[in-house]
Number of protein chains: 2
Amino acid sequence: MAVTIQEVARAANVSPSTVSNVLNGRDSRMLPETKVRVEQAIAQLGYRPNRAARQLRTGRIQMLGLVVPSVANPFWGTFAQLVESVALRSGFRVLLCNSERDPQREAEYLEELWADGVSSVLLCSSLPSISHVQPFLERGMTIVAFDRTSQLGDPPSLTNVSVDNSLGAQLATSHLLELGHRRLAFVSGRVHSVNRKERLDGFLSTVDRAGIAANEVLVWKDSGSGRAGDLDAAEVGRAAARELLSRPCPPTAFVATNDMFAIGVCAGVRDAGLRVGADVSVVGFDDIMLADLTFPALTTIRQPLPGMAAATVDYLLDGAAGQPGQSVLMRPELIVRASTGRCATGESQ
Amino acid sequence: MAVTIQEVARAANVSPSTVSNVLNGRDSRMLPETKVRVEQAIAQLGYRPNRAARQLRTGRIQMLGLVVPSVANPFWGTFAQLVESVALRSGFRVLLCNSERDPQREAEYLEELWADGVSSVLLCSSLPSISHVQPFLERGMTIVAFDRTSQLGDPPSLTNVSVDNSLGAQLATSHLLELGHRRLAFVSGRVHSVNRKERLDGFLSTVDRAGIAANEVLVWKDSGSGRAGDLDAAEVGRAAARELLSRPCPPTAFVATNDMFAIGVCAGVRDAGLRVGADVSVVGFDDIMLADLTFPALTTIRQPLPGMAAATVDYLLDGAAGQPGQSVLMRPELIVRASTGRCATGESQ
DNA sequence: CTGTTAGCGCCTTCAT
DNA sequence: ATGAAGGCGCTAACAG
């Protein structure tokens with residue numbers, strides 16, 4: 001059916017090994033003219049190496065596994081897009097896996113990927129324990145965890161890439177404090193992941209440092225109705241804002257654990273008859289594409305996603321071989337938009 | 001390294017062929033007790049067949065290619081998520097490809113997929129001509145085009161799955177007419193794709209049938225600044241709305257070719273100092289997850305994505321073998337929300 | 001510098 | 001009902 005290395009060899013009057021050598025850049029093992037002849041034959045016949053055969057022989061495959069909670073979530077969709085385009089430059093294809101943040105599904109995916117010969121996996125998981133990946137590391141899988149800082153007891157060969165969540169939360173909170181807010185709320189879903197915990201801690205430590213009394217600070221951790229859906233975040237945020245604003249001493253500013261919650265919070269603020277950016281300030285986290293399309297545009301903490309995607313794939317494909325077990329923290333940036341922009345200092349009490 | 005079929009055979013006191021037969025469900029060729037013995041050995045040793053070897057031998061691989069314009073676009077992200085979960089149920093993994101709507105990149109991806117032994121491709125492309133896929137169909141690739149109705153001159157073996165765009169646009173437009181609007185605008189990016197053309201035609205035929213004079217109807221087809229980015233849609237919509245509203249006889253209602261444009265249009269309406277849902281009505285298309293989180297929530301035409309994803313994967317993995325070249329049109333549904341809900345009849349002039 | 005050789009792990013006739 | 005044997009297309013020793 002398809003043209004094989006044998007036929008190329010015949011057409012170029014060389015042996016299959018020589019063709020293989022050309023294919024694999026072992027130029028020193030042949031005359032330049034031989035190489036030219038082989039390359040011509042390859043072009044003429046339209047030869048493409050059979051990757052299954054190559055994989056069977058070498059054990060290597062030019063694919064990486066990308067495990068995300070859900071590509072339907074715009075944050076992960078954007079990340080997946082970036083990862084795919086970076087990987088492609090190195091000749092790697094991307095196998096998509098949606099884990100729904102379920103450790104068991106994560107493990108099942110790793111098993112599948114391993115069975116497919118995929119030994120490089122970019123795991124987007126922020127679960128505190130990742131003991132379930134240990135067996136795969138031991139079998140020789142290279143795993144880089146994204147969106148998760150390294151934790152005590154982590155396998156030493158696991159590399160982590162994440163934004164500095166604590167710093168991000170501090171930037172968000174400081175911004176609100178500088179605007180004159182004194183009654184702040186933090187809105188999040190279940191704080192099951194280390195990044196949410198870090199963001200919450202960053203928030204708490206900042207308000208504390210500013211001398212704000214603990215009873216001025218509200219923290220909403222939705223226990224969830226079972227489903228850990230990424231897509232319910234906005235609804236949770238909305239309900240949280242409504243509830244918090246109906247209390248005796250309602251907050252005047254909200255920090256949300258991510259933009260989807262923040263968008264929901266904005267909706268909840270409107271439900272309560274208040275204006276976002278005027279009566280109440282809201283800050284998100286991530287700077288997803290939609291953050292500046294909502295009304296009002298969302299002040300948020302930007303993750304430098306393109307750089308993070310590039311760095312992560314780099315570690316996965318090259319770096320990890322050199323220095324596994326590293327932990328990389330990327331720098332977030334405060335992006336001020338209308339959801340806080342129009343609150344004058346002191347006005348918000 | 002890994003355990004092979006040979007070792008299982010030895011452990012079960014049978015030949016490799018028998019193990020293979022067990023693996024492939026050829027039960028009739030062995031005693032039930034033999035089968036049990038083999039299965040025990042498989043479980044005991046934790047044997048997983050080597051897929052590269054299997055692929056090399058059979059030419060088949062349990063993967064499908066998913067080519068989308070961009071997973072960063074929430075519509076495609078949602079679709080990708082659904083496709084992956086449906087495919088998984090049939091034991092298929094998904095290779096992700098972002099085409100950016102570029103026919104050349106599409107062809108390159110198909111080439112890559114073919115080289116990887118992937119012979120089932122779900123191509124989300126709405127380009128009018130798909131002559132570039134013809135060679136792959138001829139080589140034996142199964143391709144189902146999603147989001148594209150079949151066109152004259154299409155390769156006969158190409159199956160198409162799409163929503164009924166014309167009907168959707170009619171639903172959207174009728175809704176606005178029933179609300180009393182008489183000066184309507186249609187906002188789209190470049191109308192390069194057949195679905196955009198169908199939506200535009202559905203809009204035009206509906207206003208025409210309602211006896212609206214052609215000069216009351218505005219159509220905005222952004223020529224684009226070169227980049228066909230899915231993510232610029234909102235910006236285009238915003239600029240379009242601003243421009244159209246500044247004309248002498250501004251429209252009172254907008255139909256957008258999809259929700260991202262519609263979200264942009266809403267922003268543009270606000271830029272012009274008008275209120276969406278009160279002064280001006282906006283209808284989108286797709287019903288992406290964000291449609292009911294924006295402010296105001298977006299009236300839109302829902303595509304039944306879960307069913308569409310299931311049907312498409314079905315055709316790709318089973319159906320296409322039986323009856324290739326089919327064309328499937330799914331039924332859209334009008335979802336009324338606040339972006340049109342609060343416009344009383346007749347008030348909008 | 002180039003060719004020969006021996007598998008990688010599996011499936012699949014064809015014998016037995 | 002089971003086994004033996006060959007080969008899918010490629011790479012990597014090892015000869016020459």
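Sequence lines set the chain letters: A, B, ... in the order given, protein chains first and strands last, and positions in each chain run from 1.
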So, B:Asn160 versus B:Ser162: side-chain donor-acceptor pair below 3.5 Å or not?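 Not at all, the side chains of B:Asn160 and B:Ser162 share no donor-acceptor pair under 3.5 Å.
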
So which one's nearest nucleotide on DNA chain D is more toward 5', B:Met30 or A:Thr4?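 Its nearest nucleotide being more 5', the pick is B:Met30.
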
Mapping B:Thr58 and B:Val14 to their closest nucleotides on DNA chain D, which lands nearer the 5' end?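 Nearest-nucleotide comparison on DNA chain D picks B:Val14.
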
Using 0.5 Å steps for rounding, measure from the CZ atom of B:Phe136 to the CD1 atom of B:Ile143.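 The CD1 atom of B:Ile143 is 7.5 Å from CZ of B:Phe136, to the nearest 0.5 Å.
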
Can you tell me which residue pairs pass the salt bridge (charged side-chain N to carboxylate O under 4.0 Å, His left out) test with a partner in residues 34-48 of chain B, sequence neighbours excluded?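 Only A:Glu112-B:Arg48, B:Asp27-B:Lys35, B:Lys35-B:Glu39 qualify under salt bridge (charged side-chain N to carboxylate O under 4.0 Å, His left out).
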
Whole-Å distance between C:dC8 C1' and B:Arg54 CZ?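 Checked: the CZ to C1' distance equals 16 Å.
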
Can you tell me the distance, in whole Å, between the CD atom of A:Gln6 and the C1' atom of D:dC10?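 It works out to 9 Å between those atoms.
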
Mind listing the residues from residues 108-115 of chain B sitting with a heavy atom below 4.0 Å of DNA chain C? Number order is fine.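 By residue number: none to list.
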
Under a 4.0 Å N-O cut-off, is there an ion pair linking B:Arg139 with B:Glu111?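 Yes.
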
Which nucleotide in the list C:dT13, D:dC10, C:dG9 gets nearest to the side chain of B:Asn50?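 Minimum distance to the B:Asn50 side chain belongs to C:dG9.
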
Report yes if at least one side-chain N or O of A:Ser20 is closer than 4.0 Å to OP1 or OP2 of D:dT11; otherwise report no.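 It does, given that an N or O in the side chain of A:Ser20 lies less than 4.0 Å from OP1 or OP2 of D:dT11.
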
Every protein N/O lying under 3.5 Å from an N/O of nucleotides 4-6 of chain C:
from: C:dT4; atom 1: O4; to: A:Ser17; atom 2: OG; distance (Å): 2.8

